[in-house]
Amino acid sequence: MRHAFVASTFIAITCGLIGVFVVARNMSFLAHTLSEIGFAGASFGVFMGIAPLNGMLLFTLLSSITIGQMSAKESRREASISAISSLFVGLGILFLSLSNRNASYATNILFGSIIGISLADVYQLIILSGAIMIGLLVFYRYLVFDSYDPIGAQAQGLKTNLLSIYFLILLAVSVSIAAQIVGSLLVFILVTIPAFIAKYLAKSVPGMLVISVTAALLGVWLGLWLGYLTNWPVTFFIATIEFGFYFIALLYHRRISR
């Protein structure tokens with residue numbers, strides 16, 4: 001549980017930060033697609049005898065830029081997502097079948113296994129989370145400019161294509177580490193819902209970042225605590241708590257918008 005709390009804290013902070021930019025760039029669809037690619041990557045890792053997280057990182061990093069370019073145009077976004085998701089879900093099932101692992105491996109990949117995380121895994125997740133946070137901090141002003149005013153960013157000569165590639169790499173790593181808590185099937189919970197909550201409550205980007213991180217932290221902390229007390233899946237509690245926060249934020253937003 002100590003390992004789980006440390007790892008989930010860093011993961012929640014990372015997802016809360018990256019999620020604000022995901023929502024601003026209308027890339028929620030991409031987070032969902034990358035989660036299914038991550039399932040195939042984790043299954044490949046099991047098949048090859050390496051850590052599932054390493055396989056997930058390999059697949060999401062290699063595919064994130066390609067996916068982002070293929071689905072950049074809204075007219076072909078739905079078709080691209082459907083085709084890619086189907087392919088990688090099928091690959092994930094194939095790798096699990098070839099590896100001759102039991103159903104528990106599939107369950108851990110799909111729904112997370114944060115309680116069984118080792119100290120070595122904690123260190124790896126902390127390093128990856130720290131790298132993402134530093135990456136966001138270094139190009140924070142440019143990412144905010146490009147995310148909230150892409151036309152103005154292009155007019156100012158900002159290299160928006162390179163920024164997009166840079167952000168896609170950060171997103172791919174974030175999705176991979178978030179899957180360690182909620183699994184590849186529900187990874188968009190931590191990547192998008194806290195950010196949507198922040199969007200309804202905050203009026204500035206720094207305010208959104210604070211609220212998003214807070215919502216993500218409360219979700220994973222309470223989820224772990226309730227999972228420990230009841231022996232129910234942690235993912236269930238995290239999903240329910242985040243939905244509750246979102247519902248309250250939505251009601252508040254509608255009330256003040258009248």
Side-chain angles (χ1 to χ4, degrees), residues 4-28 30-32 114 122 125-150 152-153 163 166-182 186-226 234-235 237-257:
F5 267 96
V6 172
S8 64
T9 296
F10 279 88
I11 292 171
I13 293 172
T14 301
C15 292
L17 294 174
I18 201 79
V20 171
F21 297 97
V22 170
V23 171
R25 290 170 171 265
N26 295 316
M27 283 187 170
S28 300
L30 186 56
H32 178 70
I114 189 65
V122 172
L125 291 172
I126 290 175
I127 292 172
L128 291 173
S129 298
I132 294 171
M133 286 186 273
I134 293 172
L136 287 174
L137 179 63
V138 170
F139 290 96
Y140 172 76
R141 291 178 58 188
Y142 302 111
L143 286 171
V144 170
F145 193 12
D146 186 42
S147 299
Y148 288 91
D149 186 12
L163 267 179
Y166 179 78
F167 179 75
L168 287 170
I169 293 172
L170 295 181
L171 177 58
V173 179
S174 300
V175 166
S176 297
I177 64 174
Q180 307 309 302
I181 292 184
V182 292
L186 299 174
V187 71
F188 56 91
I189 291 173
L190 285 180
V191 176
T192 59
I193 295 182
F196 278 117
I197 294 169
K199 183 179 180 180
Y200 288 137
L201 299 180
K203 297 182 178 180
S204 65
V205 177
M208 289 179 64
L209 292 172
V210 171
I211 293 175
S212 181
V213 169
T214 301
L217 284 172
L218 289 175
V220 298
W221 285 345
L222 289 173
L224 284 169
W225 178 61
L226 291 172
V234 173
T235 301
F237 288 113
I238 294 176
T240 304
I241 292 166
E242 295 296 349
F243 173 78
F245 289 159
Y246 174 80
F247 186 71
I248 294 170
L250 181 61
L251 290 179
Y252 174 79
H253 177 73
R254 287 186 175 180
R255 182 174 182 179
I256 64 173
S257 298

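Residues V22 and L171 meet the side-chain proximity criterion, which asks for heavy atoms closer than 4.5 Å. With a 4.5 Å cut-off on side-chain heavy atoms, V220 and I11 do not count as touching.
Atom CZ of F21 sits about 10.5 Å away from atom CG of D146, to the nearest 0.5 Å. Between atom CD1 of residue I256 and atom CG of residue L251 there is a gap of 11.5 Å, rounded to the nearest 0.5 Å. Going from atom OG of S212 over to atom CD1 of I13 covers 11.5 Å, rounded to the nearest 0.5 Å. If you take CZ on F167 and CD1 on I18, they are separated by 4.5 Å, rounding to the nearest 0.5 Å. To the nearest 0.5 angstrom, I211 atom CD1 is 12.0 Å from F245 atom CZ. Taken from CG in L17 to CG in L143, the straight-line distance is 11.5 Å, to the nearest 0.5 Å.
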Report task. Let me see the working for I193 and F243 under side-chain contact (heavy atoms from CB on, under 4.5 Å), right down to the final yes or no. Result -> CA-CA 8 Å; I193 295 182; F243 173 78; 5.7 Å; no
Requested in this report: I would like to know whether W221 and T9 meet side-chain contact (heavy atoms from CB on, under 4.5 Å); could you show each step before the answer?
Outcome: CA-CA 8 Å; W221 285 345; T9 296; 2.9 Å; yes
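Judged by distance alone, the side chain of S147 and the main-chain N or O of V144 form no donor-acceptor pair under 3.5 Å.
A search for side-chain hydrogen bond (donor to acceptor under 3.5 Å, both in side chains) contacts involving T214 returns nothing, not counting sequence neighbours. Applying the side-chain contact (heavy atoms from CB on, under 4.5 Å) criterion to Y142, with sequence neighbours excluded, gives F139, L158, L163.
The shortest non-hydrogen separation linking L224 to A4 is CD1-O, 3.7 Å. Minimum heavy-atom separation, L190 to E242: CD2-OE2, 4.2 Å. Closest heavy-atom contact between V191 and A31: CG1-CB, 4.0 Å. Summarising the geometry of V20 relative to A195, their closest heavy-atom pair is N-CB, 3.6 Å, with the distance given to 0.1 Å. Between V187 and A178, the shortest heavy-atom contact is CG2-CB, 3.5 Å. Closest approach of C15 and S174 over heavy atoms only: SG-O, 4.3 Å.
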Donor-acceptor contacts under 3.5 Å from residues 125-133 side chains, at least two apart:
unit_1	atom_1	unit_2	atom_2	d
S129	OG	T14	OG1	3.4
S129	OG	L125	O	2.8

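Aromatic ring pairs are classed by plane angle as parallel below 30°, tilted from 30° to 60° and perpendicular above 60°; the pair Y246 and F196 is perpendicular.
Atom OH of Y148 has more than 12 heavy atoms from other residues, nucleotides or ligands within 6.0 Å.
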